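Encoded as structure tokens, the structure appears first; notes follow it.
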Amino acid sequence: MAHHYASKTYLYSFFVLLFLILAGCKNEATLGTSLNESILSEPQIEHDLEEIKADGKLSVITIYNSTGYFIYRGKPMGFEYELVERLAKSLDLELEIKVAKDIDQLFNMLNRGEGDLIAYGLSITEARKKVIAFTNPLYLTHQVLVQRKPSNWRKLPGYKVKQQLIEDPVDLIGKKVHVRKNSSYYERLHNLEEEIGGDINIITLPGEKTTDEIIKMVVDDSIDFTISDDNVASINQTYYPILDIETQVSFSQRIAWGVRSNSPSLLKKVNDWVERSKKQDFYYVIYDKYFKNKKSYSRRIKSEFYSKNEGKISEYDSIIKTNAERIGWDWRLLSSLVYQESRFKPTEKSWAGAGGLMQVMPATAKDLGIDDIHNPSENLKAGVLYLEQMRDKFNKVTDSVQKIKFTMAAYNSGLGHVRDAQRLTKAAGENHLVWDDHVEDFMLKLSSREFYTKPQVKYGFVRGREPFLYVKETFLRYDHYRVLIPLHSPETSL
């Protein structure tokens, strides 16, 4: 009898233990749902601050979205972008932006060494802490349910609108909620199921769908519910007042950036910078600009020159494309040069008398047979004709990219000063047919008496930093355009 009782007790204990193991597995699986198994869990390279400084550039990985990184009227913008621009400057590094298609790719690119810092608003979770090292939080937020008010909500009293909305997360039991699988929202919904004691029908969307795009699906009545960080939901509600975002589904969450777990020096440096920045006004000005300034957001989202809308850079895309074909350039490169010259303002004038989109001098335009430099088409034509003349002066430069850089420098400062820099480069035993790290260095030195008085220099002093930055900034902006603006975008007519 005792033996029989012991057997029953053993069986009972076995099944309890089995239940606990299975329950534990379920919780562990739930905790791990925010990260795909394909994500690299260990850094594949050693590349900390010392190596980054030796390279001279801070390579930052982010995701293209309406608040963090985008192009508006030809200018790279965004909360993350403006901050990392300042961070790179504080480290005396050139900024390089790389765009991931989704959060999975963010982590993989980082650990493969394709970038050194993830600058994207990531919720700090236990699962993610196993894959990357988080910086100190940039800000706190909480997650909210994004749902659509009834179509006639403006005509209804408030209590009737509320009757048709979910105001308590418990009411999500059995409802379909669409989120990206490998997002903190997905993990939060699984945890919420445990808290409310019921199943939510969690529908996963492709990882490359941004939160903004999923919120738009709610607006368009394609889906009923999604989850978003409150600050992102709030700025979207500005443009889409039919949204309701009042139902909170999480406590406060820390939002941070990330580095490889084997980059402690970079992590410390970024953390120090973040803590210093959060004590300064500029940080909150930038935050408010992208998450609180509702008029600015609404104006940007409506614009055809917001890069996520129609792939347009400016209202002059059509004539820029025509002229880019003439000179054999990518139209986005020529657009970047036009932005550098005039910010796409045809009425812009320089102190020297240059004017128009390409800041053409009246005398130059006359020599080229152009009568009206204030006409955008004529001005662009004149500018490109002059670029072609400059390009033809560098036939010995065989590398196509280097030739473009010499052409731009000559366009900006004059051919004579570029020739002086080339002669100084050659005299120093360096390659006078390469702009990067060779001629550009001597162009900078032409503002120093020690160099502009040398016998190789025929055209004297020049503010060499201007052509140096002109070329660098034009190409950096072009890098943004290449990433965010399709090569074959819809034609624009004036």
Side-chain angles (χ1 to χ4, degrees), residues 34 43 45-63 65 67-70 76-98 100 103 106-107 109-111 113 115-143 183-184 211 228-232 234-235 250-293:
S34 67
I45 68 160
E46 295 273 350
H47 198 252
D48 204 351
L49 186 61
E50 186 177 345
E51 291 80 14
I52 292 168
K53 286 195 169 183
D55 290 343
K57 67 181 178 183
L58 179 66
S59 187
V60 172
I61 313 166
T62 190
I63 292 177
N65 60 52
T67 53
Y69 176 54
F70 55 88
M77 296 181 69
F79 176 71
E80 260 76 29
Y81 176 71
E82 289 203 31
L83 289 184
V84 293
E85 196 176 33
R86 286 174 176 264
L87 171 62
K89 187 175 181 180
S90 75
L91 296 173
D92 196 25
L93 295 170
E94 182 179 311
L95 176 62
E96 178 182 50
I97 298 284
K98 296 188 176 179
I103 292 175
L106 276 177
F107 298 132
M109 288 174 70
L110 179 72
N111 281 333
D116 300 303
L117 170 71
I118 292 175
Y120 181 73
L122 294 170
S123 300
I124 300 175
T125 68
E126 290 302 315
R128 288 174 175 174
K129 283 161 72 175
K130 295 174 183 177
V131 179
I132 63 170
F134 282 100
T135 66
N136 290 349
L138 280 85
Y139 57 86
L140 299 179
T141 188
H142 60 271
Q143 294 178 9
S183 64
S184 59
T211 302
S228 169
D229 289 338
D230 177 64
N231 57 346
V232 175
S234 179
I235 200 72
S250 80
F251 295 112
S252 291
Q253 294 188 312
R254 297 173 297 161
I255 304 299
W257 295 344
V259 302
R260 282 181 295 277
S261 57
N262 62 354
S263 297
S265 297
L266 176 62
L267 181 62
K268 183 180 185 310
K269 185 65 73 171
V270 175
N271 280 340
D272 290 346
W273 182 85
V274 167
E275 293 311 307
R276 286 198 311 273
S277 298
K278 286 165 69 175
K279 294 175 184 176
Q280 298 181 45
D281 290 344
F282 82 82
Y283 180 88
Y284 300 95
V285 169
I286 293 173
Y287 183 89
D288 289 353
K289 179 178 179 179
Y290 294 104
F291 294 112
K292 296 277 185 77
N293 191 331

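None of these values were measured; they are calculated from a predicted model.
A side-chain donor-acceptor contact under 3.5 Å links Arg128 to the backbone of Ser123. Of the possible polar contacts, one joining the Thr135 side chain to the Trp257 backbone as a donor-acceptor pair under 3.5 Å is found. Checked by atom type and distance alone, the side chain of Arg260 never pairs as donor or acceptor with a backbone atom of Ile132 at under 3.5 Å. A donor-acceptor contact shorter than 3.5 Å links the side chain of Thr62 to the backbone of Ala119. Judged by distance alone, the side chain of Asn65 and the main-chain N or O of Ile63 form a donor-acceptor pair under 3.5 Å. Judged by distance alone, the side chain of Ser250 and the main-chain N or O of Gln143 form a donor-acceptor pair under 3.5 Å. Of the possible polar contacts, one joining the Asp48 side chain to the Leu266 backbone as a donor-acceptor pair under 3.5 Å is found.
The environment of NZ in Lys57 is sparse: at most 12 heavy-atom neighbours from other residues, nucleotides or ligands sit within 6.0 Å. When the shell of 6.0 Å around CD of Glu50 is examined, it contains 12 or fewer heavy atoms from other residues, nucleotides or ligands.
Residues satisfying the side-chain contact (heavy atoms from CB on, under 4.5 Å) criterion with Ile124, sequence neighbours excluded, are Lys129, Phe134, Pro137, Arg254, Ala256. Taking the side-chain hydrogen bond (donor to acceptor under 3.5 Å, both in side chains) definition, one finds that Glu275 meets it with Asn136, sequence neighbours left out.
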* Step by step, work out the side-chain contact (heavy atoms from CB on, under 4.5 Å) result for Leu117 and Val84. => CA-CA 9 Å; Leu117 170 71; Val84 293; 4.2 Å; yes
* **side-chain contact (heavy atoms from CB on, under 4.5 Å) assessment of Glu51 paired with Glu46** => CA-CA 9 Å; Glu51 291 80 14; Glu46 295 273 350; 6.0 Å; no
* Asked: Stepwise, does the side-chain contact (heavy atoms from CB on, under 4.5 Å) test hold for Asn111 with Val131?
  -> CA-CA 8 Å; Asn111 281 333; Val131 179; 3.6 Å; yes
* Go through the steps to decide whether Ile235 and Asn293 satisfy the test side-chain contact (heavy atoms from CB on, under 4.5 Å), and finish with yes or no. => CA-CA 8 Å; Ile235 200 72; Asn293 191 331; 6.0 Å; no
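Note: Lys130 NZ to Thr125 OG1 = 9.5 Å, rounded to the nearest 0.5 Å. Here the CD-CE distance, from Glu85 to Met77, works out to 11.0 Å after rounding to the nearest 0.5 Å. To the nearest 0.5 Å, the span separating CG on Leu95 from CZ on Arg86 amounts to 13.0 Å. Between atom CG of residue Leu138 and atom CD1 of residue Ile255 there is a gap of 9.0 Å, rounded to the nearest 0.5 Å.
Under 3.5 Å, the side chains of Glu96 and Ser59 contain a donor-acceptor pair of N or O atoms. With no hydrogens or angles considered, no side-chain donor-acceptor pair links His47 and Asn262 at under 3.5 Å. No side-chain donor-acceptor contact under 3.5 Å links Tyr290 and Glu80.
Within the structure, the ring-ring contact (aromatic ring centres under 6.0 Å, His included) test picks out the following pairs touching residues 267-289 (sequence neighbours left out): Phe79-Tyr287, Tyr139-Tyr287, Tyr287-Phe291.
For the residue pair Leu93 and Gly56, the shortest heavy atom distance occurs at CD2-C, 3.6 Å.
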